[in-house]
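Because the structure is predicted, anything quoted here is derived from the model rather than measured. Numbers restart at 1 for each chain; the letters A, B, ... are given by sequence-line order, proteins then strands.
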Amino acid sequence: MASNAFQHLMKSSRKLAENNPPSKKRIKIAAVATSNERTPQKHFWKSGLTQAMNDSENIVESSDSLVIIKDKYPKAKFHYLVIPKDIQLNSARELTKLHLNLLKEMQQKSELLIKDLLSKAEFKIGFHAKPSMDHLHLHVISTDFVSSCLKTKKHWNSFNTKHFLSLSDLIKKLEEKDNLDDLYPSDIDIELYLKKALNCNQCQFEAKTMPSLKTHLETHASSL
DNA sequence: GTTCTAGAAC
DNA sequence: GTTCTAGAAC
(Lines give C-alpha, C1' and ligand atoms only; values in the text may rest on other atoms or scores of the structure.)
Protein backbone atom coordinates (compact mmCIF):
# COMPACT_ATOMS: atom_id res chain seq x y z
CA MET A 1 0.00 0.00 0.00
CA ALA A 2 2.66 2.44 1.07
CA SER A 3 4.68 1.71 -2.05
CA ASN A 4 1.64 2.24 -4.25
CA ALA A 5 1.08 5.62 -2.69
CA PHE A 6 4.75 6.45 -3.30
CA GLN A 7 4.58 5.38 -6.94
CA HIS A 8 1.47 7.46 -7.39
CA LEU A 9 3.26 10.45 -5.93
CA MET A 10 6.24 9.93 -8.24
CA LYS A 11 3.97 9.61 -11.24
CA SER A 12 2.15 12.81 -10.51
CA SER A 13 5.38 14.70 -9.86
CA ARG A 14 6.72 13.49 -13.19
CA LYS A 15 3.57 14.75 -14.85
CA LEU A 16 4.04 18.07 -13.13
CA ALA A 17 7.57 18.17 -14.52
CA GLU A 18 6.26 17.54 -18.01
CA ASN A 19 3.72 20.32 -17.77
CA ASN A 20 6.25 22.75 -16.36
CA PRO A 21 9.50 22.60 -18.31
CA PRO A 22 12.59 24.00 -16.54
CA SER A 23 12.63 27.76 -16.56
CA LYS A 24 16.08 27.68 -18.21
CA LYS A 25 14.50 26.25 -21.34
CA ARG A 26 11.74 28.83 -21.41
CA ILE A 27 14.18 31.67 -21.16
CA LYS A 28 16.18 30.16 -24.00
CA ILE A 29 13.12 29.83 -26.24
CA ALA A 30 12.12 33.40 -25.47
CA ALA A 31 15.63 34.67 -26.28
CA VAL A 32 15.73 32.82 -29.59
CA ALA A 33 12.29 34.06 -30.53
CA THR A 34 13.38 37.64 -29.87
CA SER A 35 16.57 37.32 -31.90
CA ASN A 36 14.60 35.86 -34.79
CA GLU A 37 12.26 38.79 -35.05
CA ARG A 38 15.13 41.20 -35.55
CA THR A 39 18.53 39.64 -36.19
CA PRO A 40 18.42 35.98 -37.15
CA GLN A 41 21.88 34.69 -36.30
CA LYS A 42 22.12 30.96 -36.67
CA HIS A 43 25.76 30.73 -35.59
CA PHE A 44 25.83 33.47 -32.96
CA TRP A 45 27.90 31.19 -30.67
CA LYS A 46 30.84 31.15 -33.10
CA SER A 47 31.90 34.56 -31.84
CA GLY A 48 32.20 33.33 -28.25
CA LEU A 49 35.99 33.48 -28.34
CA THR A 50 36.07 37.03 -29.59
CA GLN A 51 34.06 37.94 -26.51
CA ALA A 52 36.13 35.79 -24.14
CA MET A 53 39.44 37.28 -25.28
CA ASN A 54 38.16 40.74 -24.38
CA ASP A 55 36.80 39.74 -20.99
CA SER A 56 39.40 40.28 -18.28
CA GLU A 57 37.78 37.49 -16.25
CA ASN A 58 39.27 34.89 -18.59
CA ILE A 59 42.62 36.44 -19.43
CA VAL A 60 45.70 34.67 -18.09
CA GLU A 61 48.12 37.06 -19.74
CA SER A 62 48.17 39.58 -22.52
CA SER A 63 50.71 41.35 -24.72
CA ASP A 64 50.47 43.75 -27.67
CA SER A 65 50.01 40.93 -30.13
CA LEU A 66 48.64 37.97 -28.12
CA VAL A 67 46.13 37.16 -25.44
CA ILE A 68 46.10 33.91 -23.49
CA ILE A 69 42.90 32.68 -21.88
CA LYS A 70 41.77 29.54 -20.09
CA ASP A 71 39.45 27.48 -22.25
CA LYS A 72 35.92 27.97 -20.94
CA TYR A 73 35.24 24.23 -21.24
CA PRO A 74 38.68 22.69 -20.56
CA LYS A 75 39.15 19.19 -22.01
CA ALA A 76 42.05 18.35 -19.67
CA LYS A 77 43.50 19.42 -16.32
CA PHE A 78 45.24 22.32 -18.09
CA HIS A 79 43.80 23.86 -21.23
CA TYR A 80 44.72 27.29 -22.55
CA LEU A 81 44.07 29.18 -25.76
CA VAL A 82 46.73 31.43 -27.26
CA ILE A 83 45.02 33.99 -29.47
CA PRO A 84 46.64 36.53 -31.82
CA LYS A 85 44.83 39.84 -31.43
CA ASP A 86 45.29 41.31 -34.89
CA ILE A 87 44.48 38.53 -37.28
CA GLN A 88 41.38 38.00 -39.37
CA LEU A 89 41.84 34.27 -39.96
CA ASN A 90 39.40 31.72 -38.52
CA SER A 91 41.42 28.63 -39.41
CA ALA A 92 45.06 27.57 -39.50
CA ARG A 93 44.41 26.40 -43.06
CA GLU A 94 45.02 29.91 -44.33
CA LEU A 95 48.34 30.45 -42.59
CA THR A 96 51.30 31.24 -44.87
CA LYS A 97 55.01 31.86 -44.63
CA LEU A 98 54.11 35.47 -43.86
CA HIS A 99 52.76 34.33 -40.49
CA LEU A 100 55.97 32.55 -39.42
CA ASN A 101 57.07 35.26 -37.01
CA LEU A 102 53.67 35.34 -35.36
CA LEU A 103 53.60 31.55 -35.02
CA LYS A 104 57.05 31.52 -33.47
CA GLU A 105 55.97 34.16 -31.00
CA MET A 106 52.93 32.04 -30.11
CA GLN A 107 55.20 29.04 -29.65
CA GLN A 108 57.57 30.96 -27.40
CA LYS A 109 54.71 32.33 -25.27
CA SER A 110 53.14 28.87 -25.00
CA GLU A 111 56.34 27.28 -23.80
CA LEU A 112 56.85 30.02 -21.25
CA LEU A 113 53.26 29.54 -20.08
CA ILE A 114 53.68 25.83 -19.31
CA LYS A 115 57.29 25.97 -18.11
CA ASP A 116 56.35 25.64 -14.43
CA LEU A 117 53.76 22.94 -15.15
CA LEU A 118 56.07 20.51 -16.93
CA SER A 119 56.84 18.67 -13.70
CA LYS A 120 53.12 17.93 -13.34
CA ALA A 121 51.98 17.37 -16.90
CA GLU A 122 52.85 16.90 -20.54
CA PHE A 123 51.37 19.19 -23.15
CA LYS A 124 50.22 19.26 -26.75
CA ILE A 125 50.43 22.55 -28.60
CA GLY A 126 48.55 22.93 -31.85
CA PHE A 127 45.52 23.90 -33.92
CA HIS A 128 42.32 22.08 -34.71
CA ALA A 129 42.20 21.45 -38.45
CA LYS A 130 38.53 22.46 -38.47
CA PRO A 131 37.79 24.69 -35.48
CA SER A 132 34.21 25.46 -34.47
CA MET A 133 34.85 28.86 -33.01
CA ASP A 134 35.80 31.90 -35.05
CA HIS A 135 39.14 33.67 -34.55
CA LEU A 136 42.37 31.73 -34.91
CA HIS A 137 43.31 30.09 -31.61
CA LEU A 138 46.13 27.79 -30.54
CA HIS A 139 45.37 25.01 -28.05
CA VAL A 140 47.84 24.40 -25.23
CA ILE A 141 46.49 21.34 -23.46
CA SER A 142 47.78 18.75 -21.00
CA THR A 143 47.72 15.17 -22.25
CA ASP A 144 45.83 13.67 -19.27
CA PHE A 145 42.47 14.60 -20.82
CA VAL A 146 40.84 14.22 -17.44
CA SER A 147 37.99 16.71 -17.39
CA SER A 148 34.23 16.72 -16.90
CA CYS A 149 33.98 18.83 -20.06
CA LEU A 150 35.41 16.05 -22.22
CA LYS A 151 32.22 14.32 -23.29
CA THR A 152 32.05 13.28 -26.93
CA LYS A 153 33.97 11.24 -29.47
CA LYS A 154 34.48 14.43 -31.42
CA HIS A 155 36.07 16.08 -28.38
CA TRP A 156 38.51 13.20 -28.02
CA ASN A 157 39.38 12.79 -31.67
CA SER A 158 39.76 16.51 -32.27
CA PHE A 159 42.83 16.43 -30.01
CA ASN A 160 44.04 12.87 -30.55
CA THR A 161 44.03 12.28 -34.29
CA LYS A 162 45.55 14.11 -37.23
CA HIS A 163 42.70 16.59 -36.77
CA PHE A 164 45.15 18.11 -34.29
CA LEU A 165 47.95 19.90 -36.13
CA SER A 166 50.99 20.43 -34.00
CA LEU A 167 52.40 23.94 -34.04
CA SER A 168 55.96 22.72 -34.49
CA ASP A 169 54.93 20.76 -37.62
CA LEU A 170 53.20 23.84 -39.03
CA ILE A 171 56.26 25.99 -38.42
CA LYS A 172 58.54 23.37 -39.98
CA LYS A 173 56.31 23.21 -43.06
CA LEU A 174 56.15 26.98 -43.49
CA GLU A 175 59.93 27.26 -43.26
CA GLU A 176 60.23 25.15 -46.39
CA LYS A 177 57.03 26.09 -48.23
CA ASP A 178 54.81 29.16 -48.71
CA ASN A 179 51.60 27.54 -47.45
CA LEU A 180 50.18 24.48 -45.68
CA ASP A 181 48.45 22.90 -48.68
CA ASP A 182 50.32 19.59 -48.57
CA LEU A 183 50.12 19.21 -44.78
CA TYR A 184 46.47 20.07 -44.31
CA PRO A 185 43.89 17.24 -44.31
CA SER A 186 40.90 17.37 -46.69
CA ASP A 187 37.39 17.93 -45.33
CA ILE A 188 36.67 14.25 -46.00
CA ASP A 189 39.73 13.14 -44.03
CA ILE A 190 38.78 15.47 -41.19
CA GLU A 191 35.34 13.84 -40.98
CA LEU A 192 36.98 10.41 -40.84
CA TYR A 193 39.41 11.47 -38.11
CA LEU A 194 36.60 12.77 -35.92
CA LYS A 195 34.74 9.47 -36.19
CA LYS A 196 37.69 7.20 -35.46
CA ALA A 197 37.66 4.53 -32.76
CA LEU A 198 38.49 5.70 -29.25
CA ASN A 199 42.17 4.86 -28.82
CA CYS A 200 43.90 5.77 -25.58
CA ASN A 201 46.71 8.28 -26.06
CA GLN A 202 48.90 6.56 -23.45
CA CYS A 203 48.55 2.84 -24.17
CA GLN A 204 47.01 0.39 -26.67
CA PHE A 205 43.56 0.39 -25.04
CA GLU A 206 40.61 0.95 -27.36
CA ALA A 207 37.47 2.10 -25.56
CA LYS A 208 34.01 1.17 -26.79
CA THR A 209 32.32 4.18 -25.25
CA MET A 210 33.29 7.63 -24.03
CA PRO A 211 32.43 6.89 -20.40
CA SER A 212 34.75 3.87 -20.48
CA LEU A 213 37.54 5.92 -22.08
CA LYS A 214 37.15 8.56 -19.36
CA THR A 215 37.37 5.95 -16.61
CA HIS A 216 40.44 4.50 -18.31
CA LEU A 217 42.15 7.91 -18.60
CA GLU A 218 41.66 8.46 -14.88
CA THR A 219 43.64 5.30 -14.14
CA HIS A 220 46.61 6.72 -16.08
CA ALA A 221 46.31 10.04 -14.26
CA SER A 222 46.17 8.50 -10.79
CA SER A 223 49.19 6.27 -11.43
CA LEU A 224 51.45 9.28 -11.97
C1' DG B 1 31.28 25.58 -29.22
C1' DT B 2 27.14 23.56 -25.78
C1' DT B 3 22.56 21.85 -24.43
C1' DC B 4 18.92 18.87 -24.87
C1' DT B 5 16.71 14.67 -25.69
C1' DA B 6 14.89 10.85 -28.90
C1' DG B 7 15.82 6.54 -29.78
C1' DA B 8 19.67 3.25 -30.63
C1' DA B 9 22.43 0.04 -28.29
C1' DC B 10 23.14 -2.64 -24.62
C1' DG C 1 15.16 -0.66 -17.96
C1' DT C 2 19.37 2.03 -18.36
C1' DT C 3 23.26 3.87 -20.77
C1' DC C 4 24.99 6.22 -24.47
C1' DT C 5 25.23 8.59 -28.80
C1' DA C 6 24.14 11.79 -32.30
C1' DG C 7 21.48 15.35 -34.50
C1' DA C 8 18.68 19.76 -34.02
C1' DA C 9 18.89 24.13 -32.42
C1' DC C 10 15.96 29.14 -37.52
Side-chain angles (χ1 to χ4, degrees), chain A residues 3 6-7 10-11 13-55 57-60 67-76 78-84 87-93 124 126-141 145-161 163-165 187-188 190-200 205-218:
Chain A
S3 97
F6 177 70
Q7 281 170 1
M10 286 309 286
K11 248 185 200 166
S13 80
R14 225 176 288 143
K15 219 164 201 159
L16 258 173
E18 280 167 20
N19 292 337
N20 301 293
S23 57
K24 199 178 172 186
K25 197 175 181 183
R26 285 193 168 172
I27 289 163
K28 214 172 187 178
I29 289 165
V32 169
T34 308
S35 84
N36 284 340
E37 284 166 15
R38 297 174 188 174
T39 49
Q41 282 178 308
K42 200 173 168 187
H43 298 296
F44 63 95
W45 48 267
K46 275 186 167 285
S47 62
L49 258 189
T50 317
Q51 290 177 24
M53 63 186 279
N54 290 310
D55 181 355
E57 283 279 303
N58 311 305
I59 295 175
V60 174
V67 56
I68 302 177
I69 64 173
K70 284 191 177 183
D71 194 294
K72 191 176 177 188
Y73 298 92
K75 304 301 187 292
F78 303 99
H79 188 182
Y80 302 98
L81 301 177
V82 178
I83 309 173
I87 196 161
Q88 306 303 320
L89 306 184
N90 289 330
S91 157
R93 189 190 288 275
K124 305 183 78 153
F127 295 97
H128 281 165
K130 190 174 182 183
S132 296
M133 304 289 273
D134 281 348
H135 203 123
L136 187 74
H137 53 282
L138 177 73
H139 290 274
V140 178
I141 186 166
F145 292 100
V146 170
S147 165
S148 59
C149 297
L150 183 87
K151 293 176 178 175
T152 68
K153 178 178 259 194
K154 185 179 174 183
H155 286 157
W156 176 254
N157 282 333
S158 70
F159 288 101
N160 292 289
T161 65
H163 177 265
F164 192 84
L165 303 167
D187 283 352
I188 291 167
I190 287 171
E191 269 187 54
L192 291 175
Y193 296 152
L194 294 177
K195 288 179 176 170
K196 281 187 83 169
L198 300 169
N199 292 114
C200 177
F205 179 69
E206 180 180 319
K208 290 193 171 62
T209 66
M210 275 306 289
S212 69
L213 176 63
K214 287 169 66 66
T215 305
H216 175 82
L217 290 168
E218 280 172 22

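- At whole-Å resolution of the value, CE in A/Met210 and P in C/dT5 are 7 Å apart.
- By the 6.0 Å contact criterion, NZ on A/Lys130 is open, its count of non-hydrogen atoms from other residues, nucleotides or ligands being 12 or less.
- A/Pro211 comes within contact range of the sugar-phosphate backbone alone, with a heavy-atom separation under 4.0 Å but no base atom that close.
- When the P atom of C/dT5 is taken as reference, atom NZ of A/Lys214 falls 11 Å away, rounded to whole Å.
- If you take CH2 of A/Trp45 and C1' of C/dA9, they are 11 Å apart, rounded to a whole angstrom.
- Using cut-offs of 30° and 60° on the angle between ring planes, the pair A/His128 and A/His139 is tilted.
- Remark: A/Lys195 is not in phosphate contact with C/dT5, judged by side-chain N or O atoms under 4.0 Å from OP1 or OP2.
- Residues A/Ser47 and A/Thr50 bring no donor and acceptor atom of their side chains to less than 3.5 Å of each other.
- Distance, A/Leu194 CG to C/dG7 P: 13 Å, rounded to whole Å.
- For the pair A/Leu213 CG and C/dT3 P, the computed distance is 19 Å after rounding to whole Å.
- Remark: P of C/dA9 and CZ of A/Phe44 are 13 Å apart, rounded to the nearest angstrom.
- Closest to the side chain of A/His155, from the set B/dT2, C/dC4, B/dG1, is B/dT2.
- When both distances must be under 3.5 Å, the Watson-Crick or G-U wobble mate of B/dG1 does not exist.
- With a cut-off of 3.5 Å on both pairing distances, C/dC10 has no Watson-Crick or G-U wobble partner at all.
- One interatomic measurement links the two molecules: CH2 of A/Trp156 to P of C/dT5, which rounds to 14 Å at whole-angstrom precision.
- Going from atom NE2 of A/His43 over to atom P of C/dC10 covers 12 Å, rounded to whole Å.
- Ring-centre distance between A/Tyr73 and A/His155: not below the 6.0 Å cut-off.
- The phosphate of B/dT3 (OP1 or OP2) has a side-chain N or O of A/Lys151 nearer than 4.0 angstrom.
- For the pair A/Lys124 and A/Phe164, the cation sits on the ring face: its NZ or CZ lies under 6.0 Å from the ring centre, inside 45° of the axis.
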